[in-house]
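Below you'll find the structure, written out as structure tokens, and then a few comments.
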Amino acid sequence: MTTDGFTTCLWFDGQAEDAANFYVSVFKNSQLGRVLRYTKAGPGPAGTVVTVEFVANGQKFVALNGGPEFKFNEAVSFEIRCEDQDEVDFYWNKLTEGGGQEGPCGWLKDKFGVSWQVVPTRFLELLSDPDEEKAARSMEAMMKMSKLDIATLEKAAAGG
């Protein structure tokens, strides 16, 4: 096994190239890599994309045009830890545009059906506060949200 980490394979139904281009456009430290195409041996039409390798935010992926057999679900999601509300808003807006779906508690699905958690690091700090009541108020506030709002979470933690 090579020592440079894992590559996450994402299964698409004909959208691998579009998805790779989209993710590279959203995240910093990203780039497209090798594109493999079907040959006359198939099983897809010769010349169409089989896989697209890409890096998104330093993480290696391969997008595979595997067909309609498998769909994404929330059992696997990608967590984006954000330093401030501007980052939360940016990723939330970019990943829900064009057909994405907002979900509860900072979760969303992008237009390809991939699940993401957009989480401010401040929320994780509030949850780990030694004051259990403060942490509980933060959690209770988060459970009522779709996109997480740091100011509202901090206000709830403070008892307001």
Side-chain angles (χ1 to χ4, degrees), residues 1-13 15-33 51-66 69-160:
M1 183 167 87
T2 62
T3 58
D4 60 350
F6 294 101
T7 300
T8 302
C9 181
L10 301 174
W11 181 294
F12 296 92
D13 182 16
Q15 301 169 308
E17 194 167 25
D18 290 341
N21 283 314
F22 175 68
Y23 298 132
V24 167
S25 77
V26 171
F27 296 99
K28 296 176 184 174
N29 191 22
S30 300
Q31 65 184 23
L32 291 173
T51 61
V52 179
E53 295 175 359
F54 67 100
V55 173
N57 195 33
Q59 172 66 43
K60 296 178 293 181
F61 291 90
V62 61
L64 166 71
N65 277 330
E69 292 84 4
F70 300 109
K71 304 286 184 211
F72 295 109
N73 66 48
E74 293 81 0
V76 174
S77 63
F78 296 97
E79 183 179 295
I80 305 168
R81 293 195 179 181
C82 301
E83 291 301 316
D84 56 33
Q85 192 65 47
D86 287 341
E87 272 194 350
V88 169
D89 295 345
F90 173 80
Y91 288 114
W92 190 267
N93 294 335
K94 291 299 268 184
L95 292 169
T96 57
E97 75 182 11
Q101 299 173 336
E102 296 185 3
C105 307
W107 287 60
L108 62 86
K109 283 187 178 182
D110 67 28
K111 62 186 173 183
F112 301 103
V114 175
S115 292
W116 298 86
Q117 298 176 57
V118 183
V119 182
T121 55
R122 180 64 182 131
F123 174 61
L124 299 175
E125 293 166 359
L126 292 169
L127 282 184
S128 62
D129 193 287
D131 180 339
E132 291 181 16
E133 290 299 315
K134 187 176 184 180
R137 288 190 301 266
S138 299
M139 178 64 87
E140 185 176 327
M142 183 273 303
M143 296 296 289
K144 297 175 184 171
M145 296 180 182
S146 185
K147 177 176 72 173
L148 301 187
D149 180 81
I150 297 170
T152 303
L153 293 166
E154 288 177 332
K155 183 177 178 183

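Here the options are W116, F27, F78, the test is ring pair (Phe, Tyr, Trp, His ring centres under 6.0 Å), and the partner is Y91; only F27 passes. With P120 as the fixed residue, the side-chain contact (heavy atoms from CB on, under 4.5 Å) test singles out one of D149, I80, D84, I150: I150.
With rounding to the nearest 0.5 angstrom, the OG1 atom of T8 is 5.0 Å from the CZ atom of F61. In this structure, the separation between OH on Y23 and CG on L32 is 13.0 Å, given to the nearest 0.5 Å. Taking CZ from F72 and CG from D110, the interatomic distance works out to 8.0 Å, rounded to the nearest 0.5 Å. Distance OG/S138 to CE/M143: 13.0 Å, rounded to 0.5 Å. W11 contributes atom CH2, which lies 12.5 Å from atom OG1 of T51 (distance to the nearest 0.5 angstrom). R81 contributes atom CZ, which lies 9.5 Å from atom CD of Q117 (distance to the nearest 0.5 angstrom).
Under the 3.5 Å distance criterion, the side-chain polar atoms of S146 are matched with a main-chain donor or acceptor of G103. Of the possible donor and acceptor atoms, one in the side chain of S30 sits under 3.5 Å from a partner among the backbone N and O of N57.
Because its NZ or CZ atom is both nearer than 6.0 Å to the ring centre of F22 and within 45° of the ring axis, K111 counts as a cation-pi partner of that residue.
Counting only N and O atoms by type, the side chains of T96 and E102 include no donor and acceptor under 3.5 Å apart.
Annotation for E140: atom CD does not count as buried by contact number, only 12 or fewer foreign heavy atoms lying within 6.0 Å.
The shortest non-hydrogen separation linking K60 to V55 is CG-CG2, 4.3 Å. Taking all atoms of both residues into account, the shortest heavy-atom contact from V118 to L148 is O-CD1, 3.9 Å. Shortest non-hydrogen contact noted between F54 and A20 is CD2-CB, 3.6 Å.
Between K147 and D89 there is a salt bridge, since a side-chain N of the basic residue sits under 4.0 Å from a carboxylate O of the acidic one.
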Atom pairs and distances, donor-acceptor, side-chain atoms in residues 123-137, under 3.5 Å, two or more places apart:
| residue | atom | partner | partner atom | Å |
| --- | --- | --- | --- | --- |
| E125 | OE1 | R122 | NH1 | 3.2 |
| S128 | OG | L124 | O | 3.1 |
| S128 | OG | E125 | O | 3.1 |
| D129 | OD1 | D131 | N | 2.7 |
| D129 | OD2 | K134 | NZ | 3.4 |
| D131 | OD1 | E133 | N | 3.0 |
| D131 | OD1 | K134 | N | 3.2 |
| R137 | NE | A156 | O | 3.0 |
| R137 | NE | A157 | O | 3.2 |
| R137 | NH2 | A157 | O | 2.6 |

